[in-house]
**Q** 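Have a look at this one before I ask anything.
Chain letters run A, B, ... following the sequence lines, proteins first, then strands; residues in each count from 1.
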Amino acid sequence: MNWRLLIPLALLAGCGGGSDSDPLPTPPHTCSIYVNWEPPTEYTGGAPLTIEDIQKYLVFVSFTEDLDAEQFSMIVEVTDAAMIQLNIRNLPAGTWFFAMKLEDKKGEVSAYSNLQEFTC
Amino acid sequence: MKKTLNFLLLMCLSVVSYAAPTSTFTASAPTQYENGDIIPGDEVLTYMVYCGTTPGGPYNFAYNANNLVLSGQAIDVATCVQGVPGTYYFVATAISSKFGTESGFSNETTRTYTADALGKVPLPPTLFQITQ
């Protein structure tokens, strides 16, 4: 065995590429959430509203609870009228506010649903 | 002698109740028959309001409006509107009880019924919640 070659290799191995003293950055904290809802069954005047009347759902995601400010970070359109749950992945850390609307096939849009708050 | 009415009505609309398409109509009573004769004070006139979906007619729906020139007539025009938002067209006529004749149409007036006024805006989704 040639010891004159092993000693320099051992010294290099001890350097270790700096992994112990300089760790890789950790990924940002995110959340995976589920938005759940039930379709309404009536129009404002009391007439029945069925799944066939629904064009799409709109899920609004905002960092402020003032929805009238319309400062939405995301608006998700759910065009499957039968859906009652939406998975949102990689939601950044922070406090978020959620609300929904419904649009019928005549283009009429509901008021906002109740407001939901979630802290990731 | 049969006389038709020279009927100049100025109709206007007010007061639309929520959901039910009810409007109040008013007009001025005619003072002459078509031949120019003065309508006597004891002549009893009754009134009709007609509704249609197209300007200029046809007006396919008729409603009694006997208080039209006295205090205005609130009329539920649901049979004309049929829950469909849009603009509708109205005219009025006067009917002579003495001669059994009906005037021509008055000027046309319009009323736009919104989905909100007709109660045709969908309610928002319910049971809205976030879970992880």
**Q** Measuring from K101(A):NZ to L123(B):CG, what's the distance to the nearest 0.5 Å?
**A**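 Output value for this atom pair is 13.5 Å.
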**Q** Does K120(B) reach the side chain of E108(A), with side-chain heavy atoms less than 4.5 Å apart?
**A**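 K120(B) does not reach E108(A) side chain to side chain.
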**Q** I'd like to check Q132(B) versus C31(A) (side-chain heavy atoms, cut-off strictly below 4.5 Å). Are they in contact?
**A**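 A side-chain contact under 4.5 Å exists here.
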**Q** Relative to chain B, which segment of S113(A) carries a heavy atom at a distance below 4.5 Å: side chain, backbone, both, or neither?
**A**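 Contact with chain B involves both backbone and side-chain atoms of S113(A).
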**Q** About how many Å separate CD of Q129(B) and CD of E38(A), when rounded to the nearest 0.5 Å?
**A**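 Going from the CD atom of E38(A) to the CD atom of Q129(B) covers 9.0 Å.
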**Q** Taking atom NZ of K105(A) as the centre, report whether more than 12 heavy atoms of other residues, nucleotides or ligands fall under 6.0 Å from it.
**A**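 Yes - once you tally the heavy atoms of other residues, nucleotides and ligands closer than 6.0 Å, there are more than 12.
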**Q** Under 4.5 Å heavy-atom distance to chain B, tell me which part of Y112(A) shows up: side chain, backbone, both or neither.
**A**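 Contact with chain B is through the backbone of Y112(A) alone.
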**Q** Which bit of F98(A) comes within less than 4.5 Å of chain B, counting heavy atoms only: side chain, backbone, both or neither?
**A**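 Contact with chain B is through both the backbone and side chain of F98(A).
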**Q** Minimum heavy-atom separation for P125(B) to P40(A), with atom names?
**A**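 Nearest pair, atom of P125(B) first, then P40(A): CA-CD, 3.8 Å.
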**Q** Any non-hydrogen side-chain atom of P122(B) less than 4.5 Å from a side-chain atom of L102(A)?
**A**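 Counting from C-beta outward, P122(B) and L102(A) do come under 4.5 Å.
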**Q** Which value, rounded to the nearest 0.5 Å, describes the distance between D116(B) atom CG and Y43(A) atom OH?
**A**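 Here the rounded value is 13.5 Å.
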**Q** Please report the interatomic distance CD1(I130(B)) to CZ(F97(A)), rounded to the nearest 0.5 Å.
**A**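 One finds 11.5 Å between CD1 of I130(B) and CZ of F97(A).
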**Q** Tell me whether F63(A) shares a hydrophobic cluster with L91(A), the cluster being built from Ile, Leu, Val, Met, Phe, Trp, Tyr side chains joined at under 4.5 Å.
**A**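 Yes, because F63(A) and L91(A) connect within a single hydrophobic cluster, where side-chain heavy atoms sit under 4.5 Å apart.
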**Q** Are any non-hydrogen side-chain atoms of T131(B) and N36(A) less than 4.5 angstrom apart?
**A**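 T131(B) vs N36(A): side chains touch.
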**Q** Does the N114(A) side chain pair with the main chain of F128(B), one donor and one acceptor, at a distance under 3.5 Å?
**A**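 Flag set: sc N114(A) to bb F128(B) pair under 3.5 Å.
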**Q** Would you give the length of the straight line joining atom CE of M100(A) to atom CG of L127(B), rounded to the nearest 0.5 angstrom?
**A**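 Answer rounded to 0.5 Å: 11.5 Å.
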**Q** Taking all non-hydrogen atoms of both residues, which atom of A111(A) and which atom of P124(B) are closest, and how far apart?
**A**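 So the two residues come closest at O-CB, 3.2 Å.
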